[in-house]
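None of the values given here were measured: they were computed from a predicted structure. Start at 1 and go down the list; that is how both ligands and their atoms are numbered.
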Amino acid sequence: MPKHPLIAGNWKMHGLREAIPEVLAIDAASRSARASVAIFPPSTLLCPMREALADSPVRLGGQDCHTEPLGAFTGDLSAEMLKDAGADMVILGHSERRHGHKEACEGVAAKTRAALRAGLEPIICIGETLDQRQEGLTHAVLSKQLRDSLPETLEGQTFHVAYEPVWAIGTGHVPTDDQVVDAMLLIQKHLAKRFHNQVVPHTLYGGSVKPDNARHLLTLDGVDGLLVGGASLKAADFNRIIAAAD
Ligand code: PGA
């Protein structure tokens, strides 16, 4: 396990203002935690959370951003807007964007450049579908996603990569230890070959992370953080995941 694992909570399209007490309880646990903690709420909660977390170690991030800083793009948010609302990170290329919104790797790379332009630290997600794994395509898919979603401009920048097998997200199915380690090492090899960053990227695992499996996942080779969906919505669960990194 690395010195400071990154535990990131992706709230997806969940959370109203009444959820602020949850984030205050997460803040309380984060103050004595070994892990760095980040929450990615819906964008509507960035401002109120930033205010509520004024002097907190908990970082905030967006769940997506547009490539342009401003313009006639109804319904979209730019990286600069997320930054202005209190984010300093952003998740890009999540499978729910790649599949639900037909985002291609090249678009993810363009969004990553936009995030860096605005001073946001990106977490870029990759992962294979069940069909791709069953057809023996996992390595090919992950390598292509890494090659095409990570722009050269990441050289020298702080960023992170999350391995999230699509079939593990929200399903309760977690890959075997060997499957996780195999993917993490592929990612780390790719990153070491292409980038020479002072801040070594965290490689995160995501997909059905729960309080009961977090500690074990964090012991696996190459896993230096977790991207948590459903189990990040309640402080009672998420704080146990944060504590698993102690
Ligand atoms: P899950 O989601 O933890 O609910 O499986 C993970 C994610 O999509 O980031």
Using a strict 4.0 Å threshold on nitrogen-to-oxygen distance, state whether [X] and [Y] make a salt bridge.
{"X": "Arg31", "Y": "Asp55", "value": "yes"}
{"X": "Glu128", "Y": "Arg133", "value": "yes"}
{"X": "Asp237", "Y": "Lys210", "value": "no"}
{"X": "Glu80", "Y": "Arg117", "value": "yes"}

With atoms numbered from 1 as shown, which atoms in ligand 1 lie under 4.0 angstrom from a non-hydrogen atom of [X]?
{"X": "Gly230", "result": "1 (P), 3 (O), 4 (O)"}
{"X": "Leu227", "result": "9 (O)"}
{"X": "His94", "result": "7 (C), 8 (O), 9 (O)"}

Polar proximity ligand 1 side, [X] side, N/O cut 3.5 Å exclusive:
{"X": "Lys12", "value": "yes"}
{"X": "Gly207", "value": "no"}
{"X": "Glu96", "value": "no"}

Please confirm whether [X] approaches ligand 1 to less than 4.0 Å, judged on its heavy atoms.
{"X": "Lys210", "answer": "no"}
{"X": "Ala231", "answer": "no"}
{"X": "Gly206", "answer": "no"}

To check your reading of the model: name the closest protein heavy atom to atom 3 (O) of ligand 1, its residue, and the distance in Å.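 The protein heavy atom lying closest is Gly229 N, 2.8 Å.
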Could you identify the single nearest non-hydrogen protein atom to atom 9 (O) of ligand 1 and state the distance to 0.1 Å?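 Protein heavy atom with the smallest distance to atom 9 (O) of ligand 1: Glu164 OE2, 2.7 Å.
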Main chain of Leu120, side chain of Asp88: is a donor-acceptor contact present, judged purely on distance under 3.5 Å?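 Not a single qualifying donor-acceptor pair exists.
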If the plane angle is over 60° it's perpendicular, under 30° parallel, otherwise tilted; pick one for Phe195 and Phe159.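 Correct class here is perpendicular.
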Using the side-chain contact (heavy atoms from CB on, under 4.5 Å) definition, which of the options Leu146, Leu142, Val161 pairs with His190?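 For His190, the side-chain contact (heavy atoms from CB on, under 4.5 Å) test succeeds with only one of Leu146, Leu142, Val161, which is Leu146.
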Between Ser208 and Gly170, what is the shortest heavy-atom contact and its length?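 In terms of heavy atoms, the two residues are closest at OG-N, 3.9 Å.
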Determine whether the side chain, the backbone, both or neither of Asn10 has a heavy atom under 4.0 Å from any heavy atom of ligand 1.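 It is the side chain that touches ligand 1; the backbone stays farther off.
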